[in-house]
Chemist: 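Structure in structure tokens, see below.
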Amino acid sequence: MARWSPLALVVALLAAVGLYGSTAAVAAAPLTVAQAIATQNGSSATVRGYVVGQPTATTTVLRSGYPNDYALALADSASTTSTSSMVYVQIPSSFRAAWGMRTNPSLLGKQIDVTGSLSAYFSHAGLTSATAFAFAATTPPPTSGTTTPPPSDCPAYYAAACGKSGAALKSALNGIIRGHTKLTYTQVWEALKVTDQDPNNSANVILLYSGTSRSKTANGGDQNDWNREHVWPQSHGPFDTSTDAGTDLHHLRPEDVTVNGVRGNLDFDNGGTQTHPEAPGNVFDADSWEPRNAVKGDVARMLFYMAVRYESGDQVNLELNNSTSNGSQPYMGKLSVLKQWNLQDPPDASEQRRNQVIFDSYQRNRNPFIDDYKWADLIWP
């Protein structure tokens, strides 16, 4: 007859009367994402799911071009695209190097376990204050972060460009976005009322540099009107307002008439000695304009687009350089600063929405640098 140790005997007796659970009972199974969504009560739990991207807004989850390492989204299926079936995970600073999407894009599609508080994040079902991250038992660790998403994750629209860099990437992107549907300069007025609509007031548009909301009907050339700001100035080409570079919505934005006039055809750079009273946060001097922080990246990505979209054989061949004295030459600067702004102010939900509206309703082409802002450093290292 087997001899029991005193400790084993005590455990067996306690288990028999329900006072001591088995190891399996103590280590509860992870919640599914569906269960986590239904249990947003602040309790601590481990949730198991597939990484499906990075949330940047309540209804926006990116699957490439990740802006930072602050969050990821989990779902019960790796192919889930509906944000209502996802839980948004807040990544504490101590875990970002190993689990952030920008540093580790190959996490996409991997099944992981995350322990944290079942609490809302981005006003969405979430998991916050995480204390542990681990790969599910069947999931191999990912490879180290890569510069561009792997080909299997390449959106069909950009299939010809993914995996390329330098001149080859620039040429491939040009081939994808050229041949867009062109608007007249008159049509631009109405288009801007849609692409730049104030999300909090559908009767208004948001002005680029000023950041203020102004009535859609106050468009024109009078003081306190808004007009069509060419972020890449017409004189830097030069080009006119025929149906080509001069009417391309990807670099046209609403702006106050007087602010637009002061910006004129200045290149972009850090620093300045003057601030326009109707555009707080913007500074300028004799040869450059520095926009407010909230749109620095927007400005950079509009210029990146123009330099890729308009090449030899087009109305004008546009290029970026590191000068702020480009005059009427087909150049814009300052490239080194624009690259900094691109990283400092990655694409947000508003910019992504604008890109989608231009694609769906007007030009049928996209700004690639909004979809994946890291392409800029691959083209202009």
Side-chain angles (χ1 to χ4, degrees), residues 8 11-12 14-146 149-150 152-153:
V11 170
L14 291 175
V17 295
L19 298 178
Y20 189 88
S22 67
T23 301
V26 172
L31 298 182
T32 65
V33 170
Q35 290 171 329
I37 293 172
T39 318
Q40 292 288 293
N41 58 10
S43 62
S44 179
T46 297
V47 179
R48 175 170 294 177
Y50 291 92
V51 179
V52 290
Q54 177 179 358
T56 58
T58 304
T59 59
T60 303
V61 172
L62 304 180
R63 289 182 61 84
S64 64
Y66 309 113
N68 52 52
D69 290 327
Y70 297 167
L72 58 79
L74 295 178
D76 285 324
S77 168
S79 61
T80 296
T81 57
S82 172
T83 56
S84 63
S85 300
M86 300 177 187
V87 65
Y88 292 176
V89 178
Q90 180 187 41
I91 306 176
S93 58
S94 59
F95 292 102
R96 289 171 188 164
W99 298 95
M101 295 301 292
R102 178 176 173 181
T103 302
N104 308 278
S106 58
L107 280 171
L108 191 72
K110 301 295 191 295
Q111 190 180 41
I112 67 173
D113 293 340
V114 185
T115 302
S117 173
L118 294 167
S119 304
Y121 187 45
F122 281 104
S123 302
H124 184 283
L127 193 66
T128 61
S129 304
T131 57
F133 288 76
F135 291 101
T138 58
T139 304
T143 57
S144 59
T146 55
S152 61
D153 186 44

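In this text, all values refer to a predicted model and were calculated from it rather than measured experimentally. Heavy-atom basis, side chains included; hydrogens, waters and symmetry copies ignored.
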Chemist: State which residues pass side-chain contact (heavy atoms from CB on, under 4.5 Å) with S84; sequence neighbours excluded, sorted by chain then number.
Modeler: S82
Chemist: Check I91 against R96 and note the closest heavy-atom contact, atom names and distance.
Modeler: O-NE, 2.9 Å
Chemist: Using every non-hydrogen atom in the two residues, find where T115 and S44 come nearest and quote the distance to one decimal.
Modeler: CG2-OG, 4.2 Å
Chemist: Can you find a side-chain donor-acceptor pair between T46 and D113 that sits under 3.5 Å?
Modeler: no
Chemist: Keeping the roles fixed (side chain from D69, backbone from W99), state whether a donor-acceptor pair exists under 3.5 Å.
Modeler: no
Chemist: Let me see the working for L118 and L31 under side-chain contact (heavy atoms from CB on, under 4.5 Å), right down to the final yes or no.
Modeler: CA-CA 11 Å; L118 294 167; L31 298 182; 3.9 Å; yes
Chemist: What distance do Q54 atom CD and N68 atom CG have between them, rounded to the nearest 0.5 Å?
Modeler: 4.5 Å
Chemist: For residues 70-78, please give each side-chain donor-acceptor pair under 3.5 Å, one per line with the distance, not counting sequence neighbours.
Modeler:
| from | atom 1 | to | atom 2 | distance (Å) |
| --- | --- | --- | --- | --- |
| D76 | OD1 | V33 | N | 2.8 |
| D76 | OD2 | A34 | N | 3.1 |
| S77 | OG | S79 | N | 3.2 |
| S77 | OG | S79 | OG | 3.0 |

Chemist: Sequence neighbours left out, what pairs pass ring-ring contact (aromatic ring centres under 6.0 Å, His included) with at least one residue falling in residues 103-128?
Modeler: Y88-H124
Chemist: How would you list, by chain and number, every residue that makes a side chain to side chain donor-acceptor pair (under 3.5 Å) with T131, sequence neighbours excluded?
Modeler: none
Chemist: Run the side-chain contact (heavy atoms from CB on, under 4.5 Å) test against T56 and tell me which residues pass, sequence neighbours left out.
Modeler: T60, L62, P67, Q352
Chemist: Find out whether F133 and L107 are in side-chain contact, i.e. whether some heavy atom of one side chain is under 4.5 Å from a heavy atom of the other.
Modeler: no
Chemist: Please enumerate all residues that pass side chain to side chain donor-acceptor pair (under 3.5 Å) together with T128, with sequence neighbours excluded.
Modeler: none
Chemist: Who pairs with S123 by side chain to side chain donor-acceptor pair (under 3.5 Å), at least two apart in sequence or on another chain?
Modeler: none
Chemist: For S117, check side chain to side chain donor-acceptor pair (under 3.5 Å) against everything at least two apart and list the hits.
Modeler: S119
